[in-house]
Enquirer: 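Could you have a look at this structure, given as structure tokens, before my questions?
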Amino acid sequence: DTAVSQTPKYLVTQMGNDKSIKCEQNLGHDTMYWYKQDSKKFLKIMFSYNNKELIINETVPNRFSPKSPDKAHLNLHINSLELGDSAVYFCASSHFAGTSGMGQETQYFGPGTRLLVL
Amino acid sequence: QKEVEQNSGPLSVPEGAIASLNCTYSDRGSQSFFWYRQYSGKSPELIMFIYSNGDKEDGRFTAQLNKASQYVSLLIRDSQPSDSATYLCAVRIGGNNRLAFGKGNQVVVIP
């Protein structure tokens, strides 16, 4: 199936641990994203990569480190997990539209990774 | 000023009625606008995008864009119980495909 996939779907871990989330897309897109959705359901961009180059880096603690080995993959590593990191993390992908864009830059989301830090 | 604002919800509508959702944005240079639907426990899925002033219809959904007033709206006609979800307004800001999302409107369709 063509889609954006994420692993794992659920992640329960202790404070202070280090964990990784993986994302893969087979839509042929060149841009991938990580979003965080908190308990109030607010969806906020964290990072974006275009052709393996970091193009968006929002105000995120440096405990979060993204890595894109190729256009189809984007991983997120989190060091020293804190209680406040508990959230749903969504990966998304799209074509890159630059300053133009008539919908082809539509972002498609993966199923999410539900992270609970105890 | 928030980049994207949506009215607080939830919005309860009887089955068969029209649900109307509004969204305002702060960046006058924004070019692309999206409505996503998110069911509880699921990921956002695209309903519509719009980039020209006016109306755009797709089935029971109509998006309306007014760049001069900096608002975009979504109408859901003949609302069905399956439309019960949170609707997220998203605006593309800048040249890096960055989407700013509103907080969402929860819609509850009452049979």
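Every chain is numbered from 1, with letters handed out A, B, ... down the list of sequences.
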Enquirer: Is B:Gln38 close to chain A through its backbone or its side chain, or both, or neither, when contacts mean heavy atoms under 4.5 Å?
Expert: side chain
Enquirer: Give the cluster check for A:Phe96 versus A:Tyr35: same hydrophobic cluster or not, with ILVMFWY residues linked at side-chain heavy-atom distances below 4.5 Å.
Expert: yes
Enquirer: First locate atom CG of B:Asn97, then atom NE2 of A:His29, and finally report the distance between them rounded to the nearest 0.5 Å.
Expert: 10.5 Å
Enquirer: Please tell me whether A:Phe64 and A:Trp34 are part of a single hydrophobic cluster in this structure, the criterion being side-chain heavy atoms less than 4.5 Å apart.
Expert: yes
Enquirer: Determine the option with the most heavy-atom pairs under 4.5 angstrom with chain A, choosing from B:Gly102, B:Ser43, B:Ala90, B:Ala100.
Expert: B:Ser43
Enquirer: Flag yes if more than 12 heavy atoms outside B:Lys103 fall under 6.0 Å of its NZ atom; otherwise flag no.
Expert: no
Enquirer: Name the region of B:Phe33, side chain, backbone, both or neither, that has any atom closer than 4.5 Å to a heavy atom of chain A.
Expert: neither
Enquirer: Evaluate whether atom NZ of A:Lys41 has more than 12 neighbouring non-hydrogen atoms of other residues, nucleotides or ligands under 6.0 angstrom away.
Expert: no
Enquirer: Using the rule that Ile, Leu, Val, Met, Phe, Trp and Tyr join whenever any side-chain heavy atoms are under 4.5 Å apart, tell me whether A:Met32 and A:Val60 fall into a single cluster.
Expert: yes
Enquirer: I'd like to check A:Tyr33 versus B:Leu99 (side-chain heavy atoms, cut-off strictly below 4.5 Å). Are they in contact?
Expert: no
Enquirer: Answer with side chain, backbone, both or neither: which region of A:Phe109 has an atom nearer than 4.5 Å to a non-hydrogen atom of chain B?
Expert: both
Enquirer: Do A:Ser48 and B:Asn96 pair up side chain to side chain, a donor and an acceptor below 3.5 Å, judged on atom types alone?
Expert: no
Enquirer: Please flag which part of B:Leu46 lies under 4.5 Å from any non-hydrogen atom of chain A: side chain, backbone, both or neither.
Expert: side chain
Enquirer: Heavy-atom distance under 4.5 Å between the side chains of A:Glu105 and B:Phe49, does that happen here?
Expert: no
Enquirer: Give me the atom names and distance for the closest heavy-atom approach of B:Lys42 to A:Arg114.
Expert: N-NH2, 3.9 Å
Enquirer: Checking A:Ile55 against chain B: side chain, backbone, both or neither under 4.5 Å from a heavy atom?
Expert: both
Enquirer: Pick one of side chain, backbone, both or neither for A:Thr106, based on which atoms fall under 4.5 Å of a heavy atom in chain B.
Expert: both
Enquirer: Inspect the surroundings of NZ in B:Lys67 and state if more than 12 heavy atoms from other residues, nucleotides or ligands are less than 6.0 Å away.
Expert: yes
Enquirer: Could you grab the distance from atom CD of A:Gln107 to atom CZ of B:Arg92, nearest 0.5 Å is fine?
Expert: 9.5 Å
Enquirer: Please answer: with hydrophobic residues joined when any side-chain heavy atoms are less than 4.5 Å apart, are A:Tyr89 and A:Leu83 in the same cluster?
Expert: yes
Enquirer: Quick check on the hydrophobic clustering: are B:Phe61 and B:Ile18 connected, directly or via other members, by side-chain heavy-atom contacts under 4.5 Å?
Expert: no
